[in-house]
Enquirer: 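After the structure tokens below, expect a handful of questions from me.
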Amino acid sequence: MACRRGALIVLEGVDRAGKTTQCKKLVQALQQSGRAAELMTFPDRTTTIGQLISAYLEKKSDLEDHTVHLLFSANRWEMVPLMKKKLEQGTTLVVDRYAFSGAAFTSAKPGFSLDWCMKPDVGLPKPDLVLFLQLSPTEAALRGQFGEERYETSAFQKAVQQKFEQLIKDPSVNWQVIDASQNVEDVHRDITTHSLNTVNKAQNLPIGELWKET
Ligand code: FDM
Ligand code: MG
């Protein structure tokens, strides 16, 4: 039998929904169940492109809005060969943010359509599952102050949340909305259930292309 591929599982959501915590817990749970699994994060701040993005987010540099959007996309494309290799070797990738953050954050800026923002990421490896950690702006506010990075204001996060809600309506993507207001272990249990289902289903399917007609 042909080698079974890993699944591409993405976690998305607004700031402080618990994505990073849940990504780590999911990788551990998959590994403990005997499956190969690795964490990936976007932006990947370690590459040359990622360092430009990181300086921008830390407000150490300014970049024109279209330019930084394309850099975020390029930062995903540069990882595609590695992602495909890992998936084909049977490793499940758990990804902290992906093209959906790309489209939601830039289109929350004035003068950017969601459609334009999605274009550079058309054809990326398509996630087998996108878990959206849903948390209302009110509940997010109860989790403490925003940080110092760019985009970390409640007005911008509300705009981002609305863009995510538009993206979730797209039936070509396998979205699962998770109630992120639950405690960490309950969120983890929901995420693990959906992820194990996806890992089992994906192993016999080809890797799809994001936002492309099939
Ligand atoms: N972000 C992230 C974007 O604007 N576009 C993207 O394509 C991606 C992947 O970068 F504010 C934003 C979202 C967030 C910031 O922060 C990255 P974290 O806390 O490192 O995830
Ligand atoms: Mg952050």
Side-chain angles (χ1 to χ4, degrees), residues 8-27 39-80 82-83 93-127 130-135 137 140-141 143-168 170 173 175 180 210-211:
L8 181 58
I9 299 174
V10 170
L11 271 76
E12 288 281 9
V14 291
D15 260 40
R16 292 176 301 173
K19 287 183 298 300
T20 306
T21 304
Q22 293 295 338
C23 281
K24 288 180 186 155
K25 288 177 74 72
L26 178 58
V27 170
L39 178 66
M40 291 189 83
T41 301
F42 290 112
D44 179 334
R45 302 188 192 214
T46 65
T47 69
T48 304
I49 293 168
Q51 284 165 28
L52 294 172
I53 293 169
S54 189
Y56 171 81
L57 289 172
E58 292 169 8
K59 301 177 187 163
K60 289 177 182 159
S61 70
D62 286 320
L63 289 168
E64 192 275 330
D65 288 324
H66 300 78
T67 308
V68 74
H69 182 73
L70 296 172
L71 288 175
F72 273 112
S73 178
N75 184 236
R76 285 182 281 279
W77 280 107
E78 67 178 332
M79 300 310 287
V80 167
L82 181 65
M83 291 171 75
L93 297 176
V94 174
V95 184
D96 189 347
R97 298 190 189 277
Y98 199 51
F100 314 98
S101 277
F105 277 76
T106 303
S107 67
K109 297 179 177 181
F112 285 85
S113 71
L114 196 56
D115 189 51
W116 186 88
C117 293
M118 292 161 78
K119 286 278 165 19
D121 288 306
V122 169
L124 279 177
K126 182 178 179 169
V130 187
L131 295 156
F132 184 73
L133 274 59
Q134 178 89 268
L135 191 70
R143 297 190 174 183
Q145 294 300 302
F146 281 109
E148 295 296 308
E149 284 206 329
R150 217 179 275 265
Y151 305 148
E152 295 184 328
T153 67
S154 65
F156 194 75
Q157 294 287 322
K158 274 183 196 163
V160 170
Q161 171 86 30
Q162 285 173 1
K163 298 300 176 177
F164 273 128
E165 278 162 18
Q166 277 175 259
L167 288 167
I168 290 171
D170 172 6
V173 173
W175 288 95
L210 180 62
W211 292 331

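Starting from 1, each residue takes its place in the sequence as its number. Both ligands and their constituent atoms are indexed starting at 1 by order of listing.
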Enquirer: Going by the closest heavy atom to atom 3 (C) of ligand 1, which one wins out of Phe156, Phe72, Tyr98, Phe100?
Expert: Phe72
Enquirer: With atoms numbered from 1 as shown, which atoms in ligand 1 lie under 4.0 angstrom from a non-hydrogen atom of Arg45?
Expert: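 In order of number, 16 (O), 17 (C), 18 (P), 20 (O).
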Enquirer: Hey, is Asp96 touching ligand 1 through its side chain, its backbone, both or neither, going by heavy atoms under 4.0 Å?
Expert: neither
Enquirer: Measure the acute angle between the ring planes of Phe42 and Tyr98, then classify it against the limits of 30° and 60° as parallel, tilted or perpendicular.
Expert: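 Tilted.
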Enquirer: Taking the ring of His66 and the ring of Phe112, is the distance between their centroids below 6.0 Å?
Expert: yes
Enquirer: In terms of heavy-atom contacts, does CD of Glu64 have more than 12 from other residues, nucleotides or ligands at under 6.0 Å?
Expert: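 Enclosed: over 12 neighbouring heavy atoms sit under 6.0 Å from CD of Glu64.
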Enquirer: Heavy atom under 4.0 Å from ligand 1: found in Ser73's side chain, backbone, both, or neither?
Expert: neither
Enquirer: List ligand 1 atoms under 4.0 Å from Pro43, heavy atoms only on the residue side.
Expert: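 Answer for ligand 1: 2 (C), 9 (C), 17 (C).
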Enquirer: If we ignore angles and hydrogens, is there a donor and acceptor under 3.5 Å between the side chains of Gln134 and Gln161?
Expert: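 Yes.
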Enquirer: For ligand 1, which atoms sit closer than 4.0 Å to a heavy atom of Leu57?
Expert: 10 (O), 15 (C), 17 (C)
Enquirer: How are the rings of Tyr151 and Phe105 set to each other: parallel, tilted or perpendicular (split at 30° and 60°)?
Expert: tilted
Enquirer: Taking salt bridge (charged side-chain N to carboxylate O under 4.0 Å, His left out) as the criterion, tell me which of Arg143, Arg97, Lys158 meets it with Asp15.
Expert: Arg97
Enquirer: Of the listed options (Arg16, Arg97, Arg76), which comes nearest to atom 7 (O) of ligand 1 when hydrogens are ignored and any heavy atom counts?
Expert: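 It is Arg76 that holds the nearest heavy atom.
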Enquirer: Taking 4.0 angstrom as the limit and counting only heavy atoms of Phe42, give me the atoms of ligand 1 inside it, by number and element.
Expert: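 So the answer, numbered in order with elements, is 9 (C).
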